Amino acid sequence: MIYIEKAQTNEFVLTLTESVTISNPYFLFKFVWELDEELTPIYWVGTDTSSYTYRYNLFTLEEGVDATFKIGQYRYEVYESAISPTDETGLTKIEEGRMVVNGTGTTIYD
């Protein structure tokens with residue numbers, strides 16, 4: 001599970017390398033807010049900064065700069081791509097899971 005704090009730089013770790021089928025892939029993340037799945041998904045191309053990719057993949061996401069989320073729960077999907085992607089069309093999904101976005105001062109209805 002990924003935990004994100006609003007208006008902060010967030011680091012999270014996943015184990016994607018064990019599922020990839022191409023060398024040095026780009027990782028496209030697709031986030032769907034569970035409170036209203038009709039909203040347009042949020043896409044983000046994450047850069048793996050891990051020095052030990054055979055063990056884990058490390059990502060840094062600055063909420064409000066790299067992507068802006070509403071407070072609440074999301075489903076996420078990760079796709080691999082040989083080139084920098086913009087959506088998941090034609091890509092291979094390598095992981096899916098859940099994400100929680102937390103923050104203060106706003107509600108899930110903003």
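Predicted, not measured: the structure shown is a model, and the values here were computed from it.
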Is [X] isolated, or which residues cluster with it under the ILVMFWY side-chain rule of less than 4.5 Å, directly or via members?
X     : value
Val13 : Tyr52, Tyr54, Tyr56, Leu58
Met1  : Tyr3, Val100
Ile22 : none

Exercise for the section: Taking all non-hydrogen atoms of both residues into account, name the closest pair between Asn10 and Glu5 and its distance. Expected result: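 Nearest pair, atom of Asn10 first, then Glu5: OD1-N, 2.8 Å.
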Problem - Heavy-atom pair of closest approach, residues Leu16 and Val78 - result: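 Shortest heavy-atom contact: CD1-CG1, 3.8 Å.
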Can you name the residues that form a side-chain hydrogen bond (donor to acceptor under 3.5 Å, both in side chains) with [X], not counting sequence neighbours?
X     : answer
Thr86 : none
Asp87 : Thr89
Glu96 : Lys93
Thr21 : Glu80

Problem - Within 6.0 angstrom of Leu39 CG, more than 12 heavy atoms from elsewhere - result: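 Yes, CG of Leu39 has more than 12 neighbouring heavy atoms, counting only those of other groups under 6.0 Å.
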Are [X] and [Y] grouped together when hydrophobic residues (ILVMFWY) are joined by side-chain heavy atoms under 4.5 angstrom apart?
X     : Y     : answer
Leu14 : Phe31 : yes
Ile42 : Tyr76 : yes
Leu28 : Trp33 : no
Ile4  : Trp44 : yes

Practice task
Could you grab the distance from atom CD of Gln8 to atom CG of Asn102, nearest 0.5 Å is fine?
Solution key: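 Spacing of CD (Gln8) from CG (Asn102) equals 9.5 Å.
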Exercise for the section: Any salt bridge (Lys or Arg N to Asp or Glu O under 4.0 Å) involving residues 19-36? Give me the pairs, sequence neighbours left out, ordered by first then second residue. Expected result: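 Sorted pair list: Lys30-Glu88, Glu34-Arg98.
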Problem - Inter- and intrachain pairs under salt bridge (Lys or Arg N to Asp or Glu O under 4.0 Å), touching residues 48-64, at least two apart - result: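 Every salt bridge (Lys or Arg N to Asp or Glu O under 4.0 Å) pair that includes a residue of residues 48-64, provided the two are not neighbours, is Lys6-Glu63.
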Exercise for the section: Would you mind listing every ring-ring contact (aromatic ring centres under 6.0 Å, His included) that reaches into residues 4-28, with sequence neighbours excluded? Expected result: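 Matches after skipping sequence neighbours: Phe12-Phe29, Phe12-Phe59, Phe27-Phe59.
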Practice task
Quick one: list whatever passes salt bridge (Lys or Arg N to Asp or Glu O under 4.0 Å) with Glu11, sequence neighbours left out.
Solution key: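 Applying salt bridge (Lys or Arg N to Asp or Glu O under 4.0 Å) to Glu11 gives none.
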